[in-house]
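Chain naming here is simple, since letters A, B, ... match the order of the sequence lines and numbering starts at 1 in each. What you see is a predicted model, and the numbers here were worked out from it, not measured in a lab.
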Protein chains: 2
Amino acid sequence: MELAFINRNGIVPFYYQIQQQLYERIRLGELKPGDALPSEHEISTRLGVSRMTARLAVKSLCELGIVYSKQGKGSFVSGLKLEKNFRQVLSFTEEMALSGRQARSRILGFETIPAEAEVAQALGIKRQESVVRLRRLRIADSVPMGIESSYLPDRLCPGLKDTFDPRTSLYKALSDHYGIQMAIADEVIESGLAEAEEARLLRIRRGSPVFSFTRTSYVQQGRAVEYVKSTYRGDRYRIVNRLVRLKHEFIERDVKNG
Amino acid sequence: MELAFINRNGIVPFYYQIQQQLYERIRLGELKPGDALPSEHEISTRLGVSRMTARLAVKSLCELGIVYSKQGKGSFVSGLKLEKNFRQVLSFTEEMALSGRQARSRILGFETIPAEAEVAQALGIKRQESVVRLRRLRIADSVPMGIESSYLPDRLCPGLKDTFDPRTSLYKALSDHYGIQMAIADEVIESGLAEAEEARLLRIRRGSPVFSFTRTSYVQQGRAVEYVKSTYRGDRYRIVNRLVRLKHEFIERDVKNG
DNA sequence: AATCCTAACTTGTATAGACAACCAGACGGG
DNA sequence: CCCGTCTGGTTGTCTATACAAGTTAGGATT
């Protein structure tokens, strides 16, 4: 186990390298659910970093729900497999990779159109302003899972249609060609029924249960850059989430019944 | 702005007090969306704590999506409102209170029964072992929202039926009478269709879209103490979540499509 | 034998300081 | 005027250390 100072992205922080090493050991099954991670002290002496750096690595895995720490005992691998990550903005492919599935996409449509009211409001632009719409069928292990329609203001990413390589990530294209980096996303999840066209594409019956996701992504200045409406199969897709009862409750108001 | 060492829960960490103070200033509108927070240096000198402590306070607000930080510039209030907290274990009433609604419950059933296979497996007990089942209709602003069935091993909370006051929280009863404190919960969310009895209770049509929640709650030792199956109306209930894009991407493997 | 207590381990909080990376505005030379 | 450079301020990472607090095992005491 060695720390490299450099990778293709330039300098990589120690804590991040340690985080990756630990995750790799978990992913390979060397550390199984319930197993204790090396203690912060052991990591720090073994790798020659300070305990705070080792701690940062473990803490970042905690935030992802992959491990949990108990004061006085140690840090342990949590047995929960995340099928949907509720902490990070992840692309469909990243999400599937986390649960060990092979993701593919089929582009259903890619055009520049005037924004309809709902899209304009979400993106904070005028009605009829040009937006790019990218419609994709998302496929995991050859099974169609969902339909995603992404809307982006054309002004922010002119010529996206020409520069975008469908084999790469949309987020990567936005970052590389336009310097746009997503920071925060708000997501609304609703339960609905498959409409005719959705049912056909997803190979399910009309009226089958589906998830409807509506996601608005923002850059750090708070400006919305992407609005996504998705429909996912209710029979194949489910959301797994781990909730933590915080030591110090963030919300402390007078809530009495429960 | 002063730091108190003690509150009703005992000693409260500095960083948490600072976090609360900052959040209060945001909540009251003293710090508006887009405004810069005091710099870590300013917080540390003004309050007489180290910069790392001030940083911890700001970072915890970042994780909640309430503020964002930019290297070289500062930390800023993000302009987004949080409707539902997806990080903490919250009871129905707490959840409704957060979105400003009045919550009520009607007890549909409360009995001690032998555990069926699904319940036994989730709770890690033998089949046929006694479990308490509490079935409640959850009502928000006089509108029926969902049906919750909680299962608890009778062994862990003998006599719950007698001690439980339906007007108070189940979690509070478990904590007060049995010393049981929830620490972690794993939740699975699925999309489904309302069955006949559910539809009747929720006053919706059979076959309407619903959310199915399955939640297993654990105490810190990792033992399961509660298994909850819920069905919530798809037309009235929705999940709002905020996601954060991490600076260093967690997944760096060969993810090509996105 | 049962109980208490201590020691050694863990994570949690906090300090004081250092340098790097990044940003903006001021300043200067072309 | 334009364009680098400098400079001071910010967050990001990291070190070394210290003590608090929770857990566990084993030894001492009763």
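Nearest heavy atom pair, residue A:Lys32 against residue A:Val77, reads O-CB, 3.4 Å. The two atoms that bring A:Arg25 and A:Pro38 nearest to each other are NH1-CG, 4.2 Å, heavy atoms only. Of all the heavy atoms in B:Ala103 and B:Phe92, the pair that sits closest is CB-CE2, 3.8 Å. Considering all non-hydrogen atoms of both residues, A:Phe164 and A:Leu170 come closest at CE1-CA, 3.7 Å.
Within the 4.5 Å cutoff, no side-chain heavy atoms of A:Ser69 are placed close to those of A:Glu40. Using a 4.5 Å heavy-atom threshold, the side chains of A:Ile43 and A:Val58 count as touching.
Put simply, CZ on A:Phe76 is 11 Å from P on D:dT23, counting in whole angstrom units. If you measure from atom CG of A:Leu56 to atom C1' of C:dG12, you get 14 Å, rounded to the nearest angstrom. Distance B:Ile43 CD1 to C:dT15 C1': 16 Å, rounded to the nearest Å. Rounded to whole Å, the distance from NE2 on B:His41 to C1' on D:dT13 is 18 Å. Between B:Glu40 atom CD and C:dG17 atom C1' there is a gap of 15 Å when expressed in whole angstrom units. Computed from coordinates, the B:Phe14 CZ to C:dA16 C1' distance equals 15 Å when rounded to whole Å. In this structure, the CD atom of B:Gln19 is 11 Å from the P atom of C:dT13, given to the nearest Å. Rounded to whole angstrom, the span from the CG atom of B:Leu61 across to the P atom of D:dT11 amounts to 13 Å.
In this structure, CG in A:Leu22 is found 13.5 Å from CZ in A:Arg27, a value given to the nearest 0.5 Å.
Between the A:Gln17 side chain and the A:Val12 main chain, a donor and an acceptor come within less than 3.5 Å of each other.
A sub-4.0 Å separation between OP1 or OP2 of D:dT10 and a side-chain N or O of B:Ser75 is absent. Checking the phosphate oxygens (OP1, OP2) of D:dC14, no side-chain nitrogen or oxygen of A:Tyr15 falls inside 4.0 Å.
Under the side-chain hydrogen bond (donor to acceptor under 3.5 Å, both in side chains) criterion, A:Tyr151 pairs with no residue at all, not counting sequence neighbours.
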**Prompt:** What does nucleotides 19-26 of chain C look like as a protein-contact string, B for base, S for sugar-phosphate only, - for none, at under 4.0 angstrom between heavy atoms?
**Reply:** --BBSS--
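Where B:Ser39 and B:Met52 each meet DNA chain D at their nearest nucleotide, the meeting point lying more 5' is that of B:Ser39.
Side-chain atoms of B:Arg55 lie closest to D:dG12 of the nucleotides D:dG12, C:dG12, C:dT15. Ranking D:dT15, C:dA14, D:dG12 by closeness to the B:Ser69 side chain, first place goes to D:dG12.
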Nucleotide N/O to protein N/O under 3.5 Å, stretch nucleotides 4-6 of chain D:
none

